[in-house]
Amino acid sequence: MRDSIRIVRRGRIVEIDDIKPTETLLDYLRLRERATGTKEGCNEGDCGACTVVIGEWQDGRVAYRPVNSCIQFLGAMDGKEIVTVEDIAWPDGRLHPVQQAIVDAHGAQCGFCTPGIVMSLFALYHQEGREGPPPRDEIVTALAGNLCRCTGYRPIVDAALAAMAEPPADRFVEAMPQTAGLLQFLADGQDVFIGSNSAFFAAPASLSALAQLVMKYPEATLLAGGTDVGLRVTKGLRPISQVIHVGRVAALRQIEDVGDALILGAGVTYEDAASAFADLDPDLGELIRRLGSRQVRAVGTIGGNIANGSPIGDMPPALIALGATLELAHGEDGRALPLEDYFIAYGKQDRQPGEFVAGLLVPKLMSNQVFRAYKITKRFDEDISAVMGAFRFTIDDGVITEARIAFGGMAATPKRALSAEARLVGAQPGRAASWGAAIEALGEDYAPISDMRASAAYRMETAKALLAKALVECAGAPTSRTRVIGRREAPEAEVA
Amino acid sequence: MNAPESETSEAAVERAVHRSTPHDSAVLHVTGRAVYIDDMVEPTGTLHLAPGFCPDMARGRIRDIDLSRVRQAPGVVAVLTAADIPGRNDWSTSIGGDPIIAENEVEFWGEVLFCVVAETRDAARRATRLALFEGEAEPPVLTAEEAKAKGLRVLDDYGYGRGDVARSFASAQRRFDGVIRNGGQEHFYLEGQVALAIPGETGDMHVYSSTQHPSEVQHCVAHMLGVPNAMVTVEVRRMGGGFGGKESQASQWACLAALGARVTGRPCKLRLDRDDDMVMTGKRHDMTTAFSVAYDSSGKILAADIDFMARCGYSADLSGGVNDRTLFHADNAYFYPNVALKSERLKTNTVTNTAFRGFGGPQGILAAERIMDTLAIVTGIDPLEIRKRNFYGPGRDVTPYGQKVEDNILPELIADLERSCDYAKRRQECRAFNSKNRILRKGIALTPIKFGIAFTLTHLNQAGALVHVYADGSVHLNHGGTEMGQGLNTKVAQVAADAFGLPLERVRITATNTSKVPNTSATAASSGSDLNGMAALAACNEIKERMVAHLVSTTNAAPESVVFADGRVSHTGGSLSFADLAKSCYEGRVQLSAAGFYSTPKIHWDRQKAEGRPFLYFAYGAACAEVTIDTMTGEMKVDRVDILHDCGRSLNPAIDIGQIEGAFVQGMGWLTTEELVWDDKGRLATHAPSTYKIPTASDVPAIFNTRLWDGDNREETIHSSKAVGEPPLMLACSVFSAIFDAVASLKPGVVPPLDAPATPESIMRAVAFMRRSEA
């Protein structure tokens, strides 16, 4: 057991033992280190001005990922390297290629978002396997979590292209062997517990230690990626005094392909799950691409998105449509339940004291199954759904024999459309007349509310439109004729 | 004056102006070393403030606030209330009515009722939530329509016109009526409002404020403290964005910090949390605009009657000027032979709306463009052709407010853009796409802007600068403008470097400070470089004049022959370095410091009679946008944008292109994704970036071409350049018109009732209307 955390800063190990349970990484940087290059813009992980990069020893390499330091808890940084905007130029003052490119392209105006943008691009610069410039789409996706109000982004994208013309060659590449050594040294497998029984930050290193802690402190807040818990502190100002961080439990970060299904640990991040999900279906890959931002996907977990029970989480409807099963652990015991049954009511989930979300089993599509997912938002990237619809149709000889439909944003929980599902059985995607009743049945399945994202009427009409769109696409319409973004065909195959 | 000012004789020399010099702080920005107010090293003992408000009242009377739990909270040093204010409890910059801390009358949700001073910011924020309120809430008035029905106004209606509009309508055979609604807009400067006040001896106060208007912050703080202006100094090196939101609205936070410093005797910092910032500070005015238009068989407007109803919020703030500018731009680039314009400034129980890039102009131009789009549908003529037919031109060149349009370059500029963006061919392609697609629809639009440059309150058109030349030949530059990212300091430094013939790095840019240049105007109205560039040039020229006189008296130099270039001063008798001349001047007891001043010529405006010349000149531009919409969901993607914009002879093309692109994307956000929503209790529901969506990188089209128009400003401005801050924001009307065009394709002849912002829901409302309508 350790009663401190250890991080790598500027090539050295820094040990910190006086952390408060909910102290943020941003406050540590700005108030304790007085490293004020990292800015606070929104204090809720949406603007990216506070972006820093964390380095982790993963799969035999140092992986660099951007995070929003405003909602990351300092304690969760144990064992990681923290890189900030002050750190990346050469010691003799020469700018990092990303920094120089932004200067050359006139990519900073007021400059307040710039440190965050530099760090997001620094992470992209160190993307595994990058040799030359990534495609423009990847650059704008990497920047989705960095709001700039001055430039209109064009020069920033140009700077990214210029900075990444060559393979990585900066002081971090040079220091990689030392950094790798430090990070491996820090991975000591020790449980971390800082504080007292009434106020602590704990980061168990094993599943069994986690299970014991959750049973011992059933009221403690479970922290995974922190992209939701962080807001309870920075915006809700809630007095959270007991924090159990699950991020160091390696067993929770496993993805296993068992042939006809994927088994994911609850601590698998969106980023780590992205390619497995994209292989399952391109719409699932696009859904993850649009979920939050790179900063959110780098740490946010599939399990956390489920555990917090949000009615507008993006993954639950898709996973419910796919027929996913949730695994809950309680000490040495566990139980499994269909994911949709976990969501009981707004803010209420089927999780007993001492239990925690351990993992998820997601069946793959069979050859006679078609999957579609659509996310409707005011802004395409980094926005929360007004309506999110997911559909899995089993089609035999042109006739739907089974349908699973789930929506987010349409009820107090992610919820299946049982009436519409029933009425789709026997329908043919190619015959609109055969599914009209199913569309109307959505009116029985849901009674959405009006809020700042959309009116109830728009939500209902859009839910119907999305079901119709899914069916039209199943009948063969190319997505170049049905979608403005997230098309499934390669661009060259698009129909004019 | 014998120093060379000719633009042509020096053309061969490498000049500091008309060059794409990087922003002076570019390296500091990318390395995190640029210091914003919250980054400054805090003086020992600095306290932190957080304002508190009543969480469930948008309108009503507070009978009692119980602050005992607030005072007892950990770390709390003091709790400020209205009773602590020694002087004037009002941060208003216009007619009053903006309490720094309200006493008992609540006029909007978020009105500050007390302010906590604590050892840490976290402690201050937590303590604000412990207050208990007793009082009676009344139902808030939230919409302009409701305020109009109840006769609630922050200012009197205003309007003017020309010709006999009623007779024009009575005799015209063709007319239409319409309504367009536009939403407000949150500034979302990335650096929120912040101020740090440091108390001095004998009641002095030094305030660091993130403000576009240091002089006004100075005056507000002085009045609040009840001390003369001379006791208060306000300083700002840079802002992390302003966009109008730190013009009048920075004062309240600076006043609170200064009040905390006065009460505790310790340095006090107030940095608003983002949500508080969005709840408590004003935004762009949302408006409902009703119009009636009479036109002839060729599609030319005969008469226009336009009524703007603005939601101003609970007080006047800058609503007078903002709404006046709406009227000044209700014509955009078009000649209305007979016209009646009216503006209603309505009072609602929402935050007081304020300046935002464009300052009312965008709402006027949006209405003018909707009139053009409507005209195109009712006549069946291409929207671009309709626009051209209604442009100002010979014999049709007087605006509704009586200013003659003397510098119109739109016909040539539009023709250039029309060619370069291939408008005609792409319109055909959009038609062809739409004929083959049921779900997706394309739209295209090419729209112009004409934007008047000058503060319409004439006395604000003045500026000062302070320039020192040190004995080593280095130059200290100060002026009354503020740097918010727009590159003003870079441009003014270019002007100074050019004047002295020095490389840019010899000119040291310094923080804006009310003790160096007094009585300044806000850095606003796009006027920053026009005004401060000229003031700096005047100061430089005065110093040069003395240097030349010294040179002539100590050598045989012929005054006309003296040239300042490449770091040297040359004349018929030889040459020496600028530094050597500076040293020689010092030793010759010549003053090497000067204060420059500038006031804009020619302009005058009689608001009562609605006549005069409010603007020195107009800035022009045009943009062509192409979009695709999904008629099942209302989703929209901008496919391509081409811009051609007029900056006169640009002082810095790279900085100007940055202003154009940035303004365009900001305007696009206003008209598409950015939606402010208040609930029925008057609470702002979209008070954070999680719910209020400004454009991000993927919203900008991959094809985004921006060019500068090649031409001098015909008026005598700083090196023949034109102002650029605001005008290009309104180029984004092209996106809105393109969406309108895509929706209109669903049923030829029907006018889509598309309102802004064109969110998916707004687009679907218009689509549903089209589907219900008979062609």
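Any value given below was found using the heavy atoms of this structure, including those in side chains, with hydrogens, waters and symmetry copies removed. Please read all numbers here as calculations on a predicted model, not as lab measurements. A note on names: the letters A, B, ... follow the listed sequences, proteins ahead of strands, and every chain is numbered from 1.
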Taking the six-membered ring of B:Phe188, is the NZ or CZ of B:Arg274 close enough (under 6.0 Å from the centre) and on axis enough (within 45°)?
yes
Go through the atoms of B:Met764 and report whether side chain, backbone, both or neither lie under 4.5 Å from a heavy atom of chain A.
side chain
Contacting moiety of B:Val30, where chain A heavy atoms sit under 4.5 Å
both
Sort A:Leu143 into side chain, backbone, both or neither according to what part of it lies under 4.5 angstrom from a heavy atom of chain B.
both
For chain A, which of B:Gly662, B:Gly32, B:Pro689, B:Pro757 has the most heavy-atom pairs under 4.5 Å?
B:Pro689
Select one option (side chain, backbone, both, neither) describing which atoms of A:Asp383 are under 4.5 Å from chain B's heavy atoms.
both
Looking at B:His187, B:Glu42, B:Arg765, B:Met278, which one has more heavy-atom pairs under 4.5 Å with chain A than the rest?
B:His187
Which atoms of A:Leu147 approach chain B - backbone, side chain, both or neither, heavy atom under 4.5 Å
both
Taking the ring of B:His645 and the ring of B:Phe664, is the distance between their centroids below 6.0 Å?
no
B:Phe433 ring centre to B:Arg441 NZ or CZ under 6.0 Å, with the angle to the axis within 45°?
no
Is the gap between the ring centers of A:His106 and B:His23 under 6.0 Å?
no
Sort B:Met668 into side chain, backbone, both or neither according to what part of it lies under 4.5 angstrom from a heavy atom of chain A.
neither
I'd like to verify something: which residue of B:Thr31, B:Ile439, B:Leu440 has the highest number of heavy-atom pairs under 4.5 Å with chain A?
B:Leu440
Quick one: what part of B:Ser762 sits under 4.5 Å from any heavy atom of chain A, side chain, backbone, both or neither?
neither
Heavy-atom contact with chain A under 4.5 Å, split by part of B:Arg121:
side chain
Best-contacting candidate, A:Val472, A:Val103, A:Asp104, against chain B by heavy atom pairs under 4.5 angstrom
A:Val103
When the aromatic ring centroids of A:His96 and A:Phe122 are compared, is their separation below 6.0 Å?
yes
